[in-house]
Amino acid sequence: MSSSGGRKLAHVALLPSAGMGHLTPFLRLAALFVARNVQVTFITPHPTVSLTESQALSTFFASFPQIKQKQFHLLQAEKNSFDPFFSHIELIKSSGHLLPPLLSALTPSLSVFITDMTLASAVIPITQAISLPTYVLFTSSAKMMTLFLSYPALAGSRALDDLEETGVIKIRNLELMPKSLVPPPLLQKSDNFLKKSFVEESGKVIESSGILVNTFVSFEFESLGKINDGEVLERPPSVVAIGPLPPYDSEKSRLQLAWLDDQPAGSVLYVSFGSRTALARDQIRELGVGLITSGSRFVWVVKNSIVDKEDGQELEEVIGHELMERVKEKGLIVKSWVQQEDILSHPAVGGFLSHCGWNSVMEAAWNGVRILAWPQNGDQKVNADVVERIGLGTWVRSWGWSGEKLVSGAEIAERIRECMGNESLRIQTLGIKEDARKAVGFGGSSDKGLTELISMWNQF
Ligand SMILES: O=c1ccn([C@@H]2O[C@H](COP(=O)(O)OP(=O)(O)O[C@H]3O[C@H](CO)[C@@H](O)[C@H](O)[C@H]3O)[C@@H](O)[C@H]2O)c(=O)[nH]1
């Protein structure tokens, strides 16, 4: 803690987890703290899983020289997991014992620590031992949080066995969600990585000083209510909605998007499945056919590997020469990565074919762009359900989880036409954009939540 003109200022350290879906909200939160005179130390696990993360970090620290960066050098370990992101999270956790010396060397001493929810079981015992108040940034939806917080109790009860009959996940008498939304590994009887990590992380998150969640009250009123009213857990840590975490200025690449500039307002569909999902090769081709047949204009980010370091193949090899040529007539194809904020904030963009990673959902709400949801894995069906209920988009439930079936180009085209031509959805989406901006604007629900937290931390 330090003081400015006699006023105490909080010093907050942030520790993100692996992948852009976790790093981005942490960077945005750090930028918000700077704008509110909070001193920030940003702890970056080193190395990162992807090149995109290292690049995002370099740009970020160049724009925010007032933020201290502390590299957290991870132990080297064999990468033997089926998923590079999960194995990186394990690596960060197993390097946890290297954190205390790093934390004790920080000056002024820390007021508060903020960790990613996937690292809680490694971090919270360490920060508890030094009596450092620790908050969790939950990077998914509040609806997903209802499942996350109740999962240890669910997994230890008969509730999962009873599912065969009811098809609905219940905690005590509270209906959380239909089984069909839940990531399949969480429903399995046998042990698996996701089950183990939900039980371990959730068990520690409930010992935290509080949870910050990247959502806003009017968007997820019901789920936030269920948690804060003690329906999900009898004594939940306080949960504060602080989203949508707005993009910071230098996040935009300031590239000239000449092609987009030439398209009519709201006419372009942006197609992306986030930072860590690659569709199967045959599904990529069907999607290409669907995009052409739909008649819509589009910007399509094609990833052919979940790790960008390995995303080496030429697009033409993946899509095929003929399709590649036809796709170019109506749209722009980008390999691996595009600065999403540049695209979603462009007036020509009116729709987003999205996997419903939660950051993408919040970014669509922030920019008033309607979603055609195509969840692929993890929390994404839960998030798609939130999108559909609030009216930010539509969801074709029959498309299933990633790889469950091959969705045909004709079917995709039909759904794109419906979504892009849906005038009431367009209007609803603009209303949601207004609500999102109100929530983080002066005196809005998210603004108040964060202001109250910071004033409390300034007293620590
Ligand atoms: O070409 C791209 C692709 C992604 N992004 C950005 O990267 C982030 C991606 O996050 P998200 O949309 O949440 O997707 P994932 O990368 O898939 O995120 C992981 O983390 C999320 C938050 O926990 C989960 O909701 C997802 O299911 C999980 O896969 C967003 O900020 C995007 O703007 C880009 O800028 N360019």
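- When only modelled atom types and interatomic distance are considered, Gln71 and Thr44 share no side-chain donor-acceptor pair under 3.5 Å.
- Sparse packing is recorded around NZ of Lys70, with 12 or fewer heavy atoms of other residues, nucleotides or ligands lying under 6.0 Å away.
- Considering Tyr135, Phe138, Phe148 as possible partners of Ile211, the one that fulfils the side chain to side chain contact (heavy atoms under 4.5 Å, CB included) test is Phe138.
- Because its NZ or CZ atom is not both nearer than 6.0 Å to the ring centre of Phe442 and within 45° of the ring axis, Arg437 does not count as a cation-pi partner of that residue.
- At least one side-chain heavy atom of Pro16 sits less than 4.5 Å from a side-chain heavy atom of Pro45.
- Side-chain contact annotation: Ser209 with Thr134, donor-acceptor N/O pair under 3.5 Å absent.
- For the pair Trp366/Leu344, no side-chain contact is recorded, criterion being any heavy-atom separation below 4.5 Å from C-beta on.
- For the pair Leu392/Val361, a side-chain contact is recorded, criterion being any heavy-atom separation below 4.5 Å from C-beta on.
- Side-chain atoms of Glu316 and His321 include a donor-acceptor pair closer than 3.5 Å.
- The shortest distance between side-chain heavy atoms of Arg415 and Trp374 does not fall below 4.5 Å.
- For Asn228, the side-chain contact (heavy atoms from CB on, under 4.5 Å) partners at least two apart in sequence or on another chain are Val239.
- Enclosure of atom CD in Glu423 by more than 12 non-hydrogen atoms of other residues, nucleotides or ligands within 6.0 angstrom is indicated.
- Pairs of residues two or more places apart, or lying in two chains, that qualify as salt bridge (charged side-chain N to carboxylate O under 4.0 Å, His left out) and include a residue from residues 442-455 are Arg36-Asp447.
- Between Lys93 and Glu90 a salt bridge is recorded (basic side-chain N to carboxylate O distance below 4.0 Å).
- Side-chain atoms of Thr146 and Met177, non-hydrogen and from C-beta on, do get closer than 4.5 Å to each other.
- Checked against Pro183 for a side chain to side chain contact (heavy atoms under 4.5 Å, CB included), the options Lys381, Met144, Gln188 give a single hit: Met144.
- Applying the side-chain hydrogen bond (donor to acceptor under 3.5 Å, both in side chains) test to every pair with at least one member in residues 383-393, sequence neighbours left out, gives these pairs: Ser141-Asn383, Lys143-Asp385, Asp379-Asn383, Asp385-Arg389, Asp385-Arg397, Glu388-Arg397.
- Residues Leu15 and Phe72 form a side-chain contact, since some pair of their non-hydrogen atoms from C-beta on lies under 4.5 Å apart.
- Contact check on Glu222 versus Lys226 returns a salt bridge, with a Lys/Arg side-chain nitrogen under 4.0 Å from an Asp/Glu carboxylate oxygen.
- A distance of 10.5 Å separates CH2 in Trp395 from CD in Gln380, rounded to the nearest 0.5 Å.
- Ion pairing of Arg28 with Glu363 is present here, as a side-chain N (NZ or NE/NH1/NH2) and a carboxylate O approach within less than 4.0 Å.
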